[in-house]
Amino acid sequence: QVQLVESGGGLVQAGGSLRLSCAASGRTASSNAMGWFRQAPGKEREFVATINYNGRNTYYTDSISMKGRITISRDNALNSVYLQMNSLKPEDTAVYYCAAALNTLAKDLCNYYAANLKSSWGQGTQVTVSS
């Protein structure tokens with residue numbers, strides 16, 4: 001199983017940017033499809049973006065409010081996946097979680113309930129966007 005540690009969250013003003021990082025450790029870390037999810041207070045955890053093991057395929061939430069503002073990427077040499085978020089809005093405030101799943105297509109992580117069945121999770125990093 002892979003271990004995940006997220007970082008890069010913090011307090012930012014609306015319109016600002018953040019780059020979240022997720023460091024994976026474990027023998028098969030680079031072989032995992034990986035994704036980002038978020039959970040706002042009082043809400044269910046939701047899918048944000050996912051990327052396959054070699055970075056060639058990416059999938060993003062259909063949420064209109066997030067379209068065009070987020071980019072997922074990975075660096076297998078560093079066993080890391082990133083989430084670049086631009087033009088942040090107060091509604092982006094949430095705990096952001098990294099997930100990793102071995103022998104899984106990235107497209108199969110595009111739903112929290114499906115992802116939860118097969119993924120390892122990090123502890124999350126808090127993103128707070130002030131208005």
Side-chain angles (χ1 to χ4, degrees):
Q1 205 168 18
V2 64
Q3 292 76 47
L4 305 170
V5 178
E6 301 98 331
S7 61
L11 175 63
V12 62
Q13 287 189 330
S17 297
L18 281 175
R19 187 192 194 210
L20 306 183
S21 299
C22 174
S25 60
R27 193 169 54 181
T28 58
S30 62
S31 300
N32 285 261
M34 299 185 73
W36 287 97
F37 295 74
R38 69 181 185 179
Q39 188 165 17
K43 295 189 176 181
E44 292 186 337
R45 195 170 299 188
E46 63 178 358
F47 166 70
V48 175
T50 185
I51 187 168
N52 75 335
Y53 76 99
N54 61 10
R56 291 177 183 170
N57 298 96
T58 57
Y59 300 87
Y60 293 94
T61 176
D62 289 333
S63 168
I64 292 175
S65 79
M66 296 200 81
K67 280 196 181 297
R69 300 192 295 115
I70 56 174
T71 304
I72 189 171
S73 61
R74 69 187 296 162
D75 185 338
N76 283 346
L78 298 177
N79 284 338
S80 293
V81 65
Y82 309 99
L83 185 69
Q84 177 70 40
M85 301 190 293
N86 300 322
S87 303
L88 283 161
K89 305 175 182 181
E91 51 263 44
D92 294 320
T93 295
V95 178
Y96 284 71
Y97 295 91
C98 178
L102 189 61
N103 297 326
T104 300
L105 298 175
K107 66 181 179 68
D108 292 331
L109 296 181
C110 296
N111 170 279
Y112 167 63
Y113 295 100
N116 197 37
L117 292 174
K118 57 186 72 175
S119 298
S120 300
W121 294 89
Q123 83 290 346
T125 185
Q126 175 71 48
V127 171
T128 303
V129 184
S130 63
S131 57

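The model shown is predicted, which means the values in this text are computed figures rather than measured ones.
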Positive for ring-ring contact (aromatic ring centres under 6.0 Å, His included) with Tyr112, one of Trp36, Tyr97, Trp121 | Trp121

Drop me the distance from Tyr60's OH to Phe47's CZ, to the nearest 0.5 angstrom.
-> 9.0 Å

Under the 6.0 Å and 45° cation-pi test, does Arg45 pair with Phe37?
-> no

Expected output: side-chain Asn32 to main-chain Met34 donor-acceptor under 3.5 Å = no

Exceeds 12 heavy-atom contacts within 6.0 angstrom, atom CD of Glu44 | no

From Ser87 atom OG to Met66 atom CE, the distance as rounded to the nearest 0.5 Å | 11.5 Å

Return yes when atom OH of Tyr53 has more than 12 non-hydrogen atoms of other residues, nucleotides or ligands closer than 6.0 Å, and no otherwise.
-> no

Shortest non-hydrogen pair, Val5 vs Gln123, comes out as CA-OE1, 3.8 Å

Roughly how far apart are Asn116 CG and Leu109 CG, rounded to 0.5 Å?
-> 11.0 Å

Are Thr125 and Ser7 side-chain neighbours, meaning at least one heavy-atom pair lies under 4.5 Å?
-> no

Write down the atom of Leu102, the atom of Thr104, and the distance for their closest heavy-atom approach.
-> O-OG1, 3.0 Å

In terms of heavy-atom contacts, Tyr96 and Leu20 come closest through CB-CD1, 3.5 Å

Got a sec, which pairs hit disulfide bond (SG atoms under 2.5 Å apart) with one end in residues 73-131, sequence neighbours left out?
-> Cys22-Cys98

Spacing of CZ belonging to Arg19 relative to OG1 belonging to Thr71, to within rounding of 0.5 Å | 10.5 Å

Please check if Tyr59 and Ile64 belong to a single hydrophobic cluster, counting links between Ile, Leu, Val, Met, Phe, Trp and Tyr side chain heavy atoms closer than 4.5 Å.
-> no

For the hydrophobic clusters of this structure (ILVMFWY residues joined by side-chain heavy atoms under 4.5 Å, transitively), does one cluster hold both Val95 and Val81?
-> no

Smallest separation among heavy atoms of Asp62 and Lys67, with atom names = O-CE, 3.7 Å

Start with the C-alpha gap between Asp108 and Lys118, add the side-chain angles, then the distance that decides, and say whether side-chain contact (heavy atoms from CB on, under 4.5 Å) holds.
-> CA-CA 10 Å; Asp108 292 331; Lys118 57 186 72 175; 4.2 Å; yes

Any donor and acceptor pair, going by atom type alone, linking the side chain of Arg69 with main-chain N or O of Ser65 inside 3.5 Å?
-> yes

Is there a donor-acceptor pair under 3.5 Å between the side chain of Asn52 and the backbone N or O of Gly55?
-> yes

Spacing of Arg38 atom CZ and Asp92 atom CG [to the nearest 0.5 Å] = 5.0 Å

Specify the closest pair of heavy atoms between Ile70 and Met85, including all atoms of both residues, with the distance to one decimal.
-> CG2-CG, 3.9 Å

Hey, does the side chain of Ser21 reach the backbone of Tyr82 with a donor-acceptor pair shorter than 3.5 angstrom?
-> no

Report yes or no: does Ser63 contribute a side-chain atom to a donor-acceptor pair with the main-chain N or O of Thr61 at less than 3.5 Å?
-> no

Closest non-hydrogen contact found for Ala106 with Ile51 is CB-C, 3.5 Å

Given side-chain contact (heavy atoms from CB on, under 4.5 Å), test Gln126 with Thr93 step by step and report yes or no.
-> CA-CA 8 Å; Gln126 175 71 48; Thr93 295; 4.0 Å; yes

Distance, nearest 0.5 Å, that separates OG of Ser31 from CG of Asn54 | 10.5 Å

